Amino acid sequence: MSHFSLSGLSEPQRAAASTINGPVLILAGAGSGKTRTVTYRMAHMVLNEKIPSSSILAVTFTNKAAKEMKERVIGLLGKRKGRGLTVSTFHSLCVRILKEEIHHLGYSNRFSIYDGGDQVAIVREALTYYHAGKKFDKKMILGRIGFLKNNGILPEDYIQSPFFNEEDEYDLAVETVYRFYQERLKFCNAIDFDDLLLLTVHLLDKHPEIARKYSEKYQYIMVDEYQDTNPLQFSLVQALTSAHHNICVVGDDDQSIYAFRGADIRNILEFENHYKGTRVIKLEQNYRSTKKIIDLANEVIKLSAGRKEKTMFSTNDTGPKPYLWRTGDTDHEAGVVVDDIIAYQKDGGSLADVAILYRSNTQIIPFEDALRLSMVPYRIIGGQKLYDKKEIKDLIAYLSVIHNPKDELSLRRILNVPNRGIGPVTLESHLEIAKVNECSLFEAFELAAQSGEKVAHGGADFVKTIRKYQQKFQEHTLAEALSTLIEEIEYYAYLEKNYDHPKMLEKKRSDVQYFIESAERFTRFRGKFATLEEFIEKLLLADSQNEEKDDEDPDVRRNEVTLMTLHSSKGLEFEVVYFVGMEEEMIPHKKTITEGGDINEERRLCYVGITRAKEKLVMTYCQQRKIYGKDTPRHKSRFVQELEALYEEQDRNALGHLTDEEADEYIADVFSGLISSLED
DNA sequence: GGTTATTATTTTTTT
DNA sequence: AATAATAACC
């Protein structure tokens, strides 16, 4: 007897939702109702098949996707039955496992998570010890370490791995630096982003009984955006399915755009070989976009090499042909786009349905300027995170040290912030104490404080403060403890001392204020579970999509134009999409062309951008763009070359795209705008 | 030793 | 154009 009906699904969607045992591969084209299918599948499992929700695990890539998926399943299941469900990102799943099990690897479960800046600092330090008569590029080294980690290679395995070439001086440098790097992290009881996966996989590999435990806990596993998984994530999935083969992966090889980050498209292309007896289901009907947009998208992606055969179709034959606008320079490009957005709004359109998509973050400046000038509200997704700002990092470093005093990087960051008279000399002497006593830097400061030497005055205060707040964070709420901490260290006074521009100071102050507020929100939402530990974890795993406006109604997109990169647009949709910078050397990007990268990935990125549009798609390219401060001529992207029949190309430099009548109207409009601006 | 001037170098995408 | 790295200077 079924309680939950799948009749709201199409034939293939229903097949996907009702096949729950054994391996399943759902090839879900853009806009094919993937999330709907997956959420119905979970509801079906719980309500019809009586599978306890606690034995279902769904894994996504971003917090935002996880949150949305969980909300939608709860919408179907109700809060009570939905609560036990685990919907998590790969990274937070690994944190969860490591918090339980990391002691098997010799770390304590109060580990810190190090971000990109911390990583660079360690590599810099390592390189000061490694001289081979040459200077090495930190980014490059770090990139290689990341690559090795994503392929599951630990420092001790590196030399025997196929990636090591003793002729290559970089490989030799990496051999030393990687070892140092990993030891340093361990000494600080810290792990980096890649370690979250690497150590988890390593752990499950070394301890099959632990793998079995988690595999038995999660009897049914689903992985979203499977085309973006890397070799480690693949191993993790294998370990988690070791007790059963109830694995359902959802993805679209045409939307694989994260190879640069280690994603391996072969994971999805060869899934059927990895799991015998896989049921493959294709979702090819697009419910999102008009036929005209899908036709263009299909032609663009057709030339991508090595893809799984499939063709999307749409039955929605309304709407205009996609446009391709030729514009002058970047300011002109931004200007015509914003003008068009204003016209759309005048016609009753909502800004919430409009997005501007670009290949690279460097493109946003002219658009921001134009939007601000015309007073069109907008919101930028991604880019710099709040938590990347210096002041916020200082405060997070305080929290980190309070939680894990071994975290030497954070400790050194805040030792003299605000100034306590602990300069390089004091630091050096305490590092020496730490070395002699084989203890952490923090313990060295404690030792020195106990011995009562005069030189350690600031240090003694510092140590006392940290100890005091370890206590305070236990006794008071997170938000309270944090704000008294900021008072106690006189952080505002420190800001005042360091920023003399009042505008800048105000900005810093409000950032700190915002940080406190976010701690308050967190406290409010999590109640007594709002621990320091959880808060730090949330901060560090937050992705740039999470512009935390969680006080507001999450279902209502605000009346703002959305600006974001093509990468962060994956999974989203908008009525109107401006795909800007459709130029050679932009997409495909110059780096990809000159460094022999995979042009197919750029093509797929282009495909992702086009398929975000539901109703109207406008692509633009500039004839001229400033590159490194120099005007450079530009040309339209090869991806839309020879597809002229599928879009309407317009020269936006003049009014050539308008009929005479429209041109008159336009001129009158501009004119009256001018008059009213003069009157102001 | 720390600050400032000059010069080199960069602009891909991010959990 | 903007930023980071390096050199030069106080």
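Any value given below was found using the heavy atoms of this structure, including those in side chains, with hydrogens, waters and symmetry copies removed. What you are looking at is a predicted structure, and each value in this text was computed from that prediction instead of being measured.
- In the set B/dT14, B/dT11, B/dT15, B/dT15 carries the atom at the smallest distance from any side-chain atom of A/F193.
- Atoms CG (A/L566) and P (B/dT13) sit 11 Å apart, rounded to a whole Å.
- Between B/dT14 and A/T62, no contact under 4.0 Å exists linking OP1 or OP2 to a side-chain N or O.
- Ring-centre distance between A/F163 and A/F147: below the 6.0 Å cut-off.
- Side chains of A/T362 and A/S360: a donor on one and an acceptor on the other come within 3.5 Å.
- Within the 4.0 angstrom heavy-atom criterion, base atoms lie near A/Y628.
- A heavy-atom distance below 4.0 Å to DNA chain B is reached by these residues of residues 579-594 of chain A, ordered by number: A/H589, A/K591.
- Stacking here means ring centres nearer than 5.5 Å and ring planes tilted less than 30 degrees, and by that measure A/Y258 does not stack onto B/dT13.
- For the pair A/Y607 OH and B/dT13 P, the computed distance is 23 Å after rounding to whole Å.
- Remark: of the listed residues A/L371, A/N361, A/L357, A/L371 is the sole one forming a side-chain contact (heavy atoms from CB on, under 4.5 Å) with A/L563.
- With its ring centre under 5.5 Å from that of the base six-membered ring and a plane angle below 30°, A/F260 counts as stacked on B/dT13.
- For A/I113 and B/dT14, the CD1 to P distance is 20 Å, given to the nearest whole Å.
- For the pair A/Q255 CD and B/dT14 P, the interatomic distance rounds to 16 Å; values are reported in whole Å.
- With rounding to whole Å, A/N230 atom CG is found 13 Å from B/dT14 atom C1'.
- We find that NZ of A/K630 is positioned 15 Å from P of B/dA8, with the value rounded to whole Å.
- For the side-chain contact (heavy atoms from CB on, under 4.5 Å) test with A/R604, the passing option among A/I599, A/I257, A/V300 is A/I257; the others fail.
- Proximity note for A/R261 (side chain, C-beta onward) versus B/dT13, C/dA1, B/dT15: the nearest is B/dT15.
- Residues passing the side chain to side chain contact (heavy atoms under 4.5 Å, CB included) test with A/N150, sequence neighbours excluded: A/D194, A/N230, A/L232.
- Within 3.5 Å, no donor on the side chain of A/H567 pairs with an acceptor on the base of B/dT14, nor the reverse.
- Remark: side-chain polar atoms of A/N63 are paired, donor with acceptor, to backbone N or O of A/L541 under 3.5 angstrom.
- For the pair A/I265 CD1 and B/dT13 P, the interatomic distance rounds to 21 Å; values are reported in whole Å.
- Residue-level contact check: A/T362 touches the bases, meaning some heavy atom is under 4.0 Å from a base atom.
- Using modelled atom types and a 3.5 Å distance limit, the side chains of A/Q182 and A/D195 yield a donor-acceptor pair.
- Distances shorter than 4.0 Å separate some side-chain N or O of A/N361 from OP1 or OP2 on B/dT14.
- Atom P of nucleotide B/dT13 and atom CD of A/E225 are separated by 19 Å, given to the nearest angstrom.
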